[in-house]
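Read through the structure below, which is laid out as structure tokens, and then see the notes.
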Amino acid sequence: MARLAGWVVGIGTHLLFAFTVWHLFWFLKDGRASSDHGSLWIDLALALLFAVPHSVLLYPAVRRALTRSIPPAFYGLFYCVVTCVSLLMLFAGWQGSDIVLWDLQGGLRVGVMAGFYTSWGALFYSLYLTGLGYQTGLTPWLYWVRREKPPRREFHPAGAYRFIRHPVYISFMGLVWFTPHMSLDHVVLTGVWTLYLFMGSYLKDRRLEYFLGTSYRQYEAEVTGFPLMPFGPLARRPLAASSDGTASRIAA
């Protein structure tokens, strides 16, 4: 029965993931119709509902605490479910605004929509480079299905990662910025998620320093986090400026 339950959880999680991504596409593309009783405070809370757990659950201490109850092979699935549920709650409760900052037409609209579709392509390309199966929990689950121990997960910069450290976050940023219809509620979404993407990139660097140690700090010294970042934590980080970590730790 436990094996059957594990199969159901794994398959159900990925059906939920596909369902959520489909609705995320249309939510970001078309937005929400304006509401006479809409509240930007509700929108702010919903935007944070996605952003905060998405980072907190990746924090090593939180993950260690939760894997006392959740088998490591299923933690990625748990993380994916929490992400999907928070997004679905956002879609269901989002309040549209009738205040519009811009509504592009003609060639400008075509150009912005091209940027939106390109960002989706770049997002899946970037996820492919690091293993989409790790993002959704599929890869650890498949090892569980085959009754095999997963190998140690290592980081080898390839493709876009040879030039920037966070192509996934940059691609996701394009999803919220490339909109031909910028209403006030979309400003809230764009503002909160942009701050989250900068903070999330910073926290990811710290996590990978912790897990990978010297090899990742060397990578940070050679590759910028975001393009055109001349200084700060998302620029190239000289080895002397990198935080101390456990060099021998390897990401599982």
Side-chain angles (χ1 to χ4, degrees), residues 14 16-35 38 40 42-52 54-55 80 83-132 135-136 159-201 204 224-229 234:
H14 286 86
L16 177 65
F17 174 74
F19 178 81
T20 304
V21 170
W22 174 257
H23 284 276
L24 176 64
F25 174 85
W26 292 107
F27 174 77
L28 294 176
K29 180 178 180 293
D30 296 336
R32 282 286 182 269
S34 61
S35 171
L40 295 178
I42 291 177
D43 292 341
L44 175 62
L46 290 169
L48 290 170
L49 179 66
F50 165 77
V52 174
H54 201 254
S55 287
C80 184
T83 300
C84 290
V85 169
S86 64
L87 283 172
L88 292 173
M89 291 175 65
L90 183 149
F91 305 152
W94 196 259
Q95 311 287 305
S97 172
D98 57 3
I99 301 175
V100 178
L101 276 70
W102 68 69
D103 188 19
L104 304 179
Q105 303 296 328
L108 286 175
R109 185 181 187 89
V110 172
V112 167
M113 290 308 301
F116 176 76
Y117 292 123
T118 300
S119 296
W120 274 101
L123 177 63
F124 281 104
Y125 163 73
S126 302
L127 291 170
Y128 164 77
L129 290 176
T130 55
L132 179 59
Q135 306 295 325
T136 66
Y161 283 90
R162 293 178 296 174
F163 308 103
I164 50 176
R165 298 199 303 268
H166 302 295
V168 170
Y169 291 89
I170 295 170
S171 302
F172 198 92
M173 198 177 297
L175 302 185
V176 294
W177 274 101
F178 285 116
T179 176
H181 183 84
M182 182 64 83
S183 55
L184 194 57
D185 62 288
H186 199 98
V187 171
V188 171
L189 182 74
T190 301
V192 171
W193 282 10
T194 297
L195 289 174
Y196 152 72
L197 291 167
F198 276 98
M199 181 59 69
S201 299
K204 183 173 184 179
T224 185
F226 281 16
L228 306 176
M229 296 290 288
L234 293 178

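Side chains are part of it too, since the values below use all heavy atoms of this structure and drop only hydrogens, waters and symmetry mates. Just so you know, these numbers come straight off a predicted model, no measurement behind them.
- In plain terms, the two heavy atoms of P180 and V112 that are nearest each other are N-CG1, 3.7 Å.
- Partners of S86 by side chain to side chain donor-acceptor pair (under 3.5 Å), not counting sequence neighbours: none found.
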Side-chain donor-acceptor contacts of residues 190-199 below 3.5 Å, not counting sequence neighbours, with atom names and distances?
from	atom 1	to	atom 2	distance (Å)
T190	OG1	V176	O	3.2
T190	OG1	H186	O	2.8
W193	NE1	A47	O	3.2
T194	OG1	W177	NE1	3.0
T194	OG1	T190	O	2.6
Y196	OH	H54	ND1	2.3

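- Applying the ring-ring contact (aromatic ring centres under 6.0 Å, His included) test to Y128 and every residue at least two apart in sequence or in another chain returns nothing.
- Closest of all the heavy-atom pairs between F226 and I164 is C-CG2, 4.4 Å.
- One distance of note links CD1 of I42 with CG of L49; it measures 12.5 Å at 0.5 Å rounding.
- Rounding to the nearest 0.5 Å places SG of C84 at 11.5 Å from NE2 of H23.
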So L40 and V187, side-chain contact (heavy atoms from CB on, under 4.5 Å) or not? Walk me through it. CA-CA 10 Å; L40 295 178; V187 171; over 6 Å; no
Go through the steps for F50 and F91 under the test ring-ring contact (aromatic ring centres under 6.0 Å, His included), then give the verdict. CA-CA 11 Å; F50 165 77; F91 305 152; 9.4 Å; no
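- Of all the heavy atoms in G159 and Y125, the pair that sits closest is CA-OH, 3.4 Å.
- Summarising the geometry, atom CD belonging to Q105 is positioned 10.0 Å from atom NE2 belonging to H181; distances are rounded to the nearest 0.5 Å.
- In this structure, the side chains of L234 and R165 come closer than 4.5 Å at one or more pairs of heavy atoms.
- Rounded to the nearest 0.5 Å, atoms OG (S55) and NZ (K204) are 11.0 Å apart.
- For the pair L16 and L88, the tightest heavy-atom approach, listed with the atom from each and the gap, is CD1-CD1, 3.7 Å.
- Applying the salt bridge (Lys or Arg N to Asp or Glu O under 4.0 Å) criterion to R109, with sequence neighbours excluded, gives D103.
- Counting only residues at least two apart or on different chains, no side-chain hydrogen bond (donor to acceptor under 3.5 Å, both in side chains) pair has a member in residues 111-123.
- In this structure, W22 and W26 have perpendicular ring planes: the angle between them is above 60°, well past the 30° mark.
- Residues satisfying the side chain to side chain donor-acceptor pair (under 3.5 Å) test with D43, not counting sequence neighbours, are none.
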Assess whether side-chain contact (heavy atoms from CB on, under 4.5 Å) is satisfied between V21 and F124, documenting all intermediate values. CA-CA 11 Å; V21 170; F124 281 104; 4.2 Å; yes
Any chance you could lay out the side-chain contact (heavy atoms from CB on, under 4.5 Å) test for V168 and L123, step after step, and finish with the verdict? CA-CA 5 Å; V168 170; L123 177 63; 3.8 Å; yes
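- Here the shortest heavy-atom pairing between I170 and P227 reads CD1-CD, 3.3 Å.
- Rounded to the nearest 0.5 angstrom, L87 CG and F19 CZ are separated by 11.5 Å.
- W94 and F27 have perpendicular rings, their planes meeting at more than 60° on a 0 to 90° scale where under 30° would count as parallel.
- Here T179 contributes atom OG1 and K29 contributes atom NZ; the two are 10.0 Å apart, rounded to the nearest 0.5 Å.
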